[in-house]
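Please read these numbers as outputs of a predicted model, since none were measured by experiment. The sequence lines fix the lettering, A, B, ..., with proteins before strands; numbering per chain opens at 1. These numbers come from the heavy atoms of this one structure, side chains and all, not from hydrogens, waters or symmetry mates.
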Number of protein chains: 2
Amino acid sequence: MPDSTPKALTTLSSLKIEPGYKRVANAIEAQIVGGQIKLGELLPTESNLAEMLGVHRSTIREGIRSLENAGLVQRGRGKRLRVSVPEMSAVSSVITRALGLKQVSFFELWEMQMLLEPFAARLASQRISDDLARELQKNVDSLRQNLNDDEFVIRNDTKFHQLIAEAAQNAALTLSTAPIGALLFSATVNLYSTVSQARHRLLESHEEILAAILSKDAQAAEETMARHIRDFYRGYEISGVDVHAPIPLDPRALDLVK
Amino acid sequence: MPDSTPKALTTLSSLKIEPGYKRVANAIEAQIVGGQIKLGELLPTESNLAEMLGVHRSTIREGIRSLENAGLVQRGRGKRLRVSVPEMSAVSSVITRALGLKQVSFFELWEMQMLLEPFAARLASQRISDDLARELQKNVDSLRQNLNDDEFVIRNDTKFHQLIAEAAQNAALTLSTAPIGALLFSATVNLYSTVSQARHRLLESHEEILAAILSKDAQAAEETMARHIRDFYRGYEISGVDVHAPIPLDPRALDLVK
DNA sequence: TATGTAGGATTATCCGACAATAGGACAACA
DNA sequence: TGTTGTCCTATTGTCGGATAATCCTACATA
């Protein structure tokens, strides 16, 4: 066999130039990240950008799509492009999709939840704002009243944990918990219809956790939440699904984070 | 003041139809997420898609950009579109950018790191593969040899934590830690040049952690890592920067996750 | 004060064309 | 045999230009 990789010249960098639409995206992104264009400001019109960067308007449009998807710009028919802080929801749905396609297992997600949620509950008990406290209270109240509506229960549950994450006032934490919660939705869809007691235990747990948070008892908040998550695991086991099998990605899970 | 929100008709859903490119993106995404198109397969050509969906090729192209950015499809000049699992790096950079623009503080990130890293170290000590063990060993060795190259130290440090997260074999965990590590890079850039002892302590810590993981001592792995992260916090404080100020987003941070 | 209307600005979509690249088939050559 | 050069075709990348749909503002009207 002849030497297929000669010693010299093995470290040549590819001199391929990036396609135009990607250069457009990078250029605009750099302006935003670098702070030359401030948040909330308007971008030049597509026609202007095309002129400025010396490419056709179609190319500009393709480049901007990338940024739009990442949440860096918002656009609308007839409206100018506006620079915006990426909505957490936009980012969350990217993560959710990725994890879903990555075929993560229930166990992996649960493991993370078991780490994050009690921590979030502890922080929430110390930092929750009056507004969020009210909203959390309302959330639990409405759960009590709609305990037999499966769809409602699941959405309400997701929202409950989302509110607690928010109350913890840590953006990185919020961003980590949201996709996990959304994905576990897929796993929970059939849980409440098969395990009838589950919904009552859910309500009790939420009430306990709420009480602990409102009374600013960090220790109790952490513990009740931990118990709640462990309960969740048992419920899943009882329903008979393999915890190590990849979670089937339910399309509704993506709506959930939006 | 007249009633600006009449009682009836308050729950009308917006009947705005989505623009074409978004419908295109959704349609293709649904096919992928739903599993009709398997990973690694080729998508129809742009022209075919245009014909199938009844829109112009330009519209198809714009729709596909969104998916490309999210990492769902890969493309290249003259090459057909290929469906792919989102690269973790693509997702990480979206998260990193979002958190950066969201102006998160060092404290927020550190708080998360303090939760995640010791946990990752514990799992890694129980689950690490031989391959990763070797790579981790090599990582620490090369740190010992390049201890005076600031840029190298920082990249090496990021990689160290990334490897441990991988070793924990939990995709959700990896995805949470990567962006946090990358962003803290921005914060660390000036640390080692100002605090001269820091780099030696860094090496010692990494050696300790490595030893704990390789000997599969979960307890020690968790504790040494926790100490390491706390050290990091002290170092940052000493350098005199306000831990609650938003982290300035260094462009290199985005390269780091790629 | 609220409602209707006109006009310009801007994005959304379409049309059709050409350039650039990838990939394969095949001949020429050492 | 294995390498190189040359063709061809399929496909993406970019372009120039056109039209429709929508937003925004100003102004008129009741």
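- R61(A) comes within 4.0 angstrom of a base, heavy atoms only.
- Among the protein residues, R75(A) comes within range of the sugar-phosphate backbone only, with heavy atoms under 4.0 Å from sugar or phosphate atoms but none that close to a base.
- Between L53(B) atom CG and dC14(C) atom C1' the separation is 15 Å, expressed in whole Å.
- The side chain of E46(A) lies closest to dA12(C), out of dT14(D), dA12(C), dC15(C).
- Between R23(A) and K79(A), the one whose closest nucleotide on DNA chain D sits nearer the 5' end is R23(A).
- Looking at the side chain of H56(A), the nearest of the listed nucleotides dT10(C), dC15(D), dT21(C) is dC15(D).
- Candidate nucleotides dG13(D), dT11(D), dC15(C) were compared by shortest atom distance to the side chain of R57(B), and dG13(D) ranks first.
- No salt bridge links R65(A) with E46(A); every basic N to acidic carboxylate O contact stays at or beyond 4.0 Å.
- Between R61(B) and E62(A), at least one side-chain nitrogen of the basic residue sits less than 4.0 Å from a carboxylate oxygen of the acidic one, meeting the salt-bridge criterion.
- Between K22(A) and E68(B) there is a salt bridge, with a side-chain nitrogen of the basic residue lying less than 4.0 Å from a carboxylate oxygen of the acidic one.
- A sub-4.0 Å separation between OP1 or OP2 of dT11(D) and a side-chain N or O of R80(B) is present.
- Within the structure, a side-chain polar atom (N or O) of T59(A) is placed less than 4.0 Å from OP1 or OP2 of dC15(D).
- One atom, CZ of R82(A), and another, C1' of dT10(C), lie 13 Å apart when rounded to the nearest Å.
- A straight line from CD1 of I60(B) to P of dG16(C) spans 16 Å, rounded to a whole angstrom.
- When rounded to the nearest whole Å, the span between CG of L43(A) and P of dT10(C) equals 13 Å.
- E62(A) places its CD atom 15 Å from the C1' atom of dT11(C), with the value rounded to the nearest Å.
- Using a 4.0 Å cut-off between charged side-chain N and carboxylate O, E29(B) and R23(B) make no salt bridge.
- Rounded to a whole Å, the CG atom of L81(B) is 18 Å from the P atom of dA10(D).
- Among the protein residues, R65(B) comes within range of the sugar-phosphate backbone only, with heavy atoms under 4.0 Å from sugar or phosphate atoms but none that close to a base.
- The CZ-C1' distance, from R77(B) to dC15(D), rounds to 12 Å in whole Å.
- Electrostatic pairing of D141(A) and K138(A) does not count as a salt bridge here, judged by no charged N lying under 4.0 Å from a carboxylate O.
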